[in-house]
Amino acid sequence: MDQKEFDNYVLQTYRRFPITLVKGRGMQVWDENGAEYLDFFPGWGSGNIGHCHPKVVAALHEQLDKIMHVPNVYYNEKQGELAKIIVSESFDGQVFFCNSGAEANEGALKLVRKRNPHKKTIITLNNSFHGRTLATVTATGQTEYQKGFDPLLGGFVYCNINDCAMLENLMNENVAAIMLEVVQGEGGITAVTPQFLHTARELCNHFDAILIIDEVQTGVGRTGKMFAYQHYNVQPDVMTLAKSLGGGMPIGAFVVARKYCEILQPGTHGSTFGGSPLACAAGIATFQAIHEENMLKNAVEMSAYFRQKLEDLKSKSALIREIRGLGLMLGVELTKPGAEIVDKCRAQNLLINCTHQTVLRIMPAINVTKTQIDKAVAIIAKALVE
Ligand SMILES: Cc1ncc(COP(=O)(O)O)c(C=O)c1O
């Protein structure tokens, strides 16, 4: 099917680049004409271990021969196994499985609403991104995503990132939860300060509110720790996950600290395909691959290497305002819109992204090598000069 016919049949909610991707392996993808691209934004943040990792592929093949889907009224070994891994990697509690980041956040929001009907307020951050469902688009503190979808869900208020005084002013006993990303991804690669995250934690403790950390984009090794909150010595009450959790397979989850596990009782929440054996087998293989191949260590080392290369580029280019990020979640803020640079990189077979108009978002797989980084930096340098 050519792209014109595709556009005739598929709802036009995305601005698509004119390439059709048909194959992916590790850091590379290929289009239908055989052109090879270096993918430094794999799977829109879902490719932390690269395309078609052999351990994930093998786990999927093995599971496909057994059973693809088990309704959640039966036990499913793979789901239990993945839940145990996630808990052992984060904090003591229980896991609910779903299929996407928005669905994970939606469930987390339902949990805080259910806990105490008198606590109506949920604080999220300006420039955040939490998904496209009505509740999560309301939680998203960016009006451009909310335009035209009134009336939005009630009870949400928005705080500026890293503004502790504003957060203190917004907080009171009616607040059910504070929900935030440790590094805002769609919001321009901006990390919370330790002071801000600690203030959020203390305010939640003081006013009996739940701290939800959205690790949909930052989780599963992206920042050099398994979860980004682990850089801060702060523990959430609820953590949401998706994107790279399935090593490329669709899966979402939220993890609930043990003391809040009684809130959602049978019948209060569900998801037909949530935690299917297929998606969970891929999730288990993803964690195994990260550990067996020392990917967290590689992410830390390659982050330092990449950042230095980008800083060198900044010292030579007036177009770069700032390099920021955590681990291999990198943002290059430009002095002009970045879409043109993304196009120029793509013309040289490098795939990156631009978020927040001026921030190049660069998130290679966390098993990226120095050679691949050198190649990408050379292409970005050329695109900036052009
Ligand atoms: C931090 C964050 N939360 C939630 C979502 C929504 O995830 P999904 O697209 O899987 O619904 C995203 C997607 O980009 C995200 O970056």
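Numbering of ligands and ligand atoms starts at 1, following listing order.
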Peer 1: I need the atoms of ligand 1 closer than 4.0 Å to a non-hydrogen atom of Glu186, numbered in the order shown.
Peer 2: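 Within the 4.0 Å cut-off of Glu186, ligand 1 contributes 14 (O).
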
Peer 1: Is the distance from the ring center of Tyr232 to that of His198 below 6.0 Å?
Peer 2: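 Tyr232 vs His198: aromatic centres not under 6.0 Å.
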
Peer 1: Quick check on the hydrophobic clustering: are Ile284 and Leu64 connected, directly or via other members, by side-chain heavy-atom contacts under 4.5 Å?
Peer 2: yes

Peer 1: Suppose I only count heavy atoms of Glu181 and a 4.0 Å limit; which atoms of ligand 1 are within that range?
Peer 2: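 With Glu181 as reference, the close atoms of ligand 1 come out as 1 (C).
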
Peer 1: Considering only heavy atoms of Asn105, which atoms of ligand 1 have at least one such atom less than 4.0 Å away?
Peer 2: 3 (N), 4 (C)

Peer 1: Among all the protein's non-hydrogen atoms, which is closest to atom 2 (C) of ligand 1, and how far away is it?
Peer 2: Phe129 O, 3.3 Å

Peer 1: Heavy-atom contact under 4.0 Å between Lys243 and ligand 1?
Peer 2: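 A heavy atom of Lys243 does come that close to ligand 1.
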
Peer 1: Will you find, in the side chains of His269 and Lys110, an N or O donor that is under 3.5 Å from an N or O acceptor?
Peer 2: yes

Peer 1: Between Gln79 and Asn72, is there a side-chain donor-acceptor contact under 3.5 Å, judged purely by atom types and distance?
Peer 2: yes

Peer 1: Any nitrogen or oxygen of Val216, main chain or side chain, under 3.5 Å from a nitrogen or oxygen of ligand 1?
Peer 2: no

Peer 1: Set out, in order, the CA-CA distance, both residues' side-chain angles and the distance that settles salt bridge (Lys or Arg N to Asp or Glu O under 4.0 Å) for Glu173 and Lys119, then state yes or no.
Peer 2: CA-CA 7 Å; Glu173 39 296 308; Lys119 284 178 174 283; over 6 Å; no

Peer 1: Please confirm whether the backbone N or O of Leu211 pairs with a side-chain atom of Asp237, one donor and one acceptor, at under 3.5 Å?
Peer 2: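 At least one qualifying donor-acceptor pair exists.
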
Peer 1: Please confirm whether Ala102 comes within less than 3.5 Å of ligand 1 when only nitrogen or oxygen atoms on both sides are compared.
Peer 2: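 Checking ligand 1 against Ala102, an N or O pair does fall under 3.5 Å apart.
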
Peer 1: From the options Glu106, Gln217, His130, Glu215, select the one whose nearest heavy atom is closest to atom 4 (C) of ligand 1.
Peer 2: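 Ranked by closest heavy atom to atom 4 (C) of ligand 1, first place is His130.
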
Peer 1: Check whether any protein heavy atom sits under 4.0 Å from atom 8 (P) of ligand 1.
Peer 2: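 Under 4.0 Å from atom 8 (P) of ligand 1, at least one protein heavy atom found.
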
Peer 1: Taking Gln142 for its side chain and Ser128 for its backbone only, find out whether a donor-acceptor pair lies under 3.5 Å.
Peer 2: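 Present.
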
Peer 1: If we only count N/O pairs under 3.5 Å, is Asp214 in contact with ligand 1?
Peer 2: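 The answer is yes, given that Asp214 and ligand 1 share an N or O pair closer than 3.5 Å.
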
Peer 1: Output the list of atoms in ligand 1 that are nearer than 4.0 Å to some heavy atom of Ser100, sorted by atom number.
Peer 2: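 The list of qualifying atoms is 10 (O), 11 (O).
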
Peer 1: Nearest protein heavy-atom contact for atom 10 (O) of ligand 1: which residue, which atom, what distance?
Peer 2: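 For atom 10 (O) of ligand 1, the nearest protein heavy atom is Gly101 N, 2.8 Å.
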
Peer 1: Under 6.0 Å from the six-membered ring centre of Trp30 and within 45° of its axis: does the NZ or CZ of Arg25 meet both?
Peer 2: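 Judged by the rule, Arg25 and Trp30 form no cation-pi pair.
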
